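Quantities reported herein were computed from a predicted structural model and do not represent experimental measurements.
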Amino acid sequence: MFSFVLLPLGLYFAMLTFVCCRRCPTFFSGGFDVAILLLGIFGVVSFGPGKLFIPIFVYSWWGVWAVWYWILLYYLAAYCICEACRNYVIIYNCDFDRVMECIAEVANRLDRRSYIEERVLHLPVFGLHCVIGGSYYELMDKLKEKLRLRNKSTEMTTESDKHRSGYISLKLTGTKVNDPAWELFQRELYEACCNLQTDRYRLPILYGFIAGLILVYSFANITTDLQTLKNVFIDYWS
């Protein structure tokens with residue numbers, strides 16, 4: 001049973017390992033980013049609370065083939081969630097300063113009147129407005145709150161400069177996600193990010209270890225005890 005549950009999760013951690021090992025930033029649209037996560041937790045949901053969403057009459061009519069009803073239901077739910085998350089993009093494994101320069105350059109190329117004000121990117125001619133977020137800004141906010149509670153006003157810059165890599169997100173506001181300007185901005189930013197490189201190669205040991213452990217366990221059970229897994233699968237869905 002655990003082989004079915006953990007296999008998609010292992011593939012998800014393998015994807016994270018690949019993303020973090022790249023020497024250039026990885027650009028994902030919001031829908032694709034969420035789709036990968038939903039694929040990773042597919043096994044956990046399917047052999048957990050997912051069975052509660054299948055009506056009793058489906059089991060009585062379809063038997064073990066009720067699994068196809070669940071796959072279709074999960075796909076429809078995932079599709080709706082991914083469509084709702086198309087209003088943002090996220091850039092992983094990036095150097096904050098370089099990517100921010102890249103974003104400003106792309107915005108200026110598309111709209112000469114573009115500017116960034118208080119973590120908001122404005123392209124007035126295009127009619128695009130994006131809220132900028134990410135790990136660096138989250139760290140800045142935490143440090144500000146910590147220093148405020150301690151009544152201090154120093155050390156924040158030094159501490160935040162130690163963590164100027166991570167991810168950056170751009171969330172669209174006030175514009176429809178199917179706007180051609182938003183699609184054009186995403187394409188231009190994706191192409192620009194492909195030409196960047198990160199300063200340091202960071203091997204994500206933790207992600208790689210988790211992915212390897214899960215995948216080895218899952219494939220070992222599948223190859224050595226396949227018949228038992230089939231019986232468990234049939235008993236669960238019938």
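- In this structure, I91 and C94 approach most closely via the heavy-atom pair O-SG, 3.7 Å.
- Scanning both residues, R22 and N93, for their nearest heavy atoms gives O-ND2, 2.6 Å.
- For G43 against P8, the heavy-atom pair with the smallest separation is N-CG, 3.8 Å.
- For the atom pair CZ (R187) and OH (Y190), the distance works out to 12.5 Å, reported to the nearest 0.5 Å.
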Hey, can you pull the donor-acceptor pairs under 3.5 Å for the side chains in residues 27-40, sequence neighbours left out?
from : atom 1 : to  : atom 2 : distance (Å)
S29  : OG     : F32 : N      : 3.4
D33  : OD1    : Y92 : OH     : 2.8
D33  : OD2    : Y88 : OH     : 3.2

Does I90 form a side chain to side chain contact (heavy atoms under 4.5 Å, CB included) with I168? I'd like the steps, not just the answer.
CA-CA 6 Å; I90 189 165; I168 292 177; over 6 Å; no

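- We find the SG-CG distance between C85 and N87 to be 7.0 Å, quoted to the nearest 0.5 Å.
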Under the criterion side chain to side chain contact (heavy atoms under 4.5 Å, CB included), I'd like the reasoning laid out for V106 against R109: C-alpha separation, chi angles, the key distance, then a yes or no.
CA-CA 5 Å; V106 170; R109 187 166 66 245; 3.8 Å; yes

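- Of the candidates V216, L215, I214, I214 is the only one forming a side chain to side chain contact (heavy atoms under 4.5 Å, CB included) with S218.
- Of all non-hydrogen atoms in A211 and G10, the two that sit nearest each other are CB-O, 3.8 Å.
- Shortest non-hydrogen contact noted between V44 and P49 is O-CD, 4.0 Å.
- Put simply, CG on L76 and CD1 on I81 are 11.0 Å apart, with the number rounded to the nearest 0.5 Å.
- The two atoms that bring F126 and D111 nearest to each other are N-OD2, 3.4 Å, heavy atoms only.
- By the rule that hydrophobic residues join a cluster once side-chain heavy atoms approach within less than 4.5 Å of another member, V99 and Y115 end up as members of separate clusters.
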Side chain to side chain contact (heavy atoms under 4.5 Å, CB included) between L170 and L189: does it pass, once the steps are laid out?
CA-CA 11 Å; L170 292 170; L189 186 57; 3.7 Å; yes

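- When the side chains of ILVMFWY residues are joined at heavy-atom separations under 4.5 Å, either directly or via intervening members, V131 and L123 end up in two distinct hydrophobic clusters.
- When ring centroids are compared, F96 and Y137 come within the 6.0 Å threshold.
- No path of Ile, Leu, Val, Met, Phe, Trp and Tyr side chains, each step under 4.5 Å between heavy atoms, connects L213 with L9, placing them in separate hydrophobic clusters.
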Do N108 and S114 pass the side chain to side chain contact (heavy atoms under 4.5 Å, CB included) test, and can you show the C-alpha distance, the side-chain angles, and the key distance before you say yes or no?
CA-CA 6 Å; N108 186 62; S114 64; 4.0 Å; yes

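- With F42 as reference, Y74 is the one residue of Y74, Y12, F47 to meet the ring-ring contact (aromatic ring centres under 6.0 Å, His included) rule.
- Atom CZ of R119 has more than 12 neighbouring heavy atoms from other residues, nucleotides or ligands inside a 6.0 Å radius.
- Note on V45 and I71: same hydrophobic cluster, where clusters join Ile, Leu, Val, Met, Phe, Trp and Tyr whose side-chain heavy atoms are under 4.5 Å apart, directly or indirectly.
- Taking OH of Y207 as the start and CD1 of I210 as the end, the distance is 8.0 Å to the nearest 0.5 Å.
- Two residues are said to be in side-chain contact when any heavy atoms from C-beta on lie closer than 4.5 Å; L128 and L110 fail this criterion.
- E117 CD to I132 CD1: the interatomic distance, rounded to the nearest 0.5 Å, is 11.5 Å.
- Note that CD1 of I205 is 12.0 Å distant from SG of C20, once rounded to the nearest 0.5 Å.
- If you chain together hydrophobic residues whose side chains sit under 4.5 Å apart, F219 and F13 fall into the same group.
- Residues F185 and L172 are not in side-chain contact: their nearest non-hydrogen atoms beyond the backbone lie 4.5 Å or more apart.
- Ion pairing of R98 with E105 is absent here, as no side-chain N (NZ or NE/NH1/NH2) approaches a carboxylate O to less than 4.0 Å.
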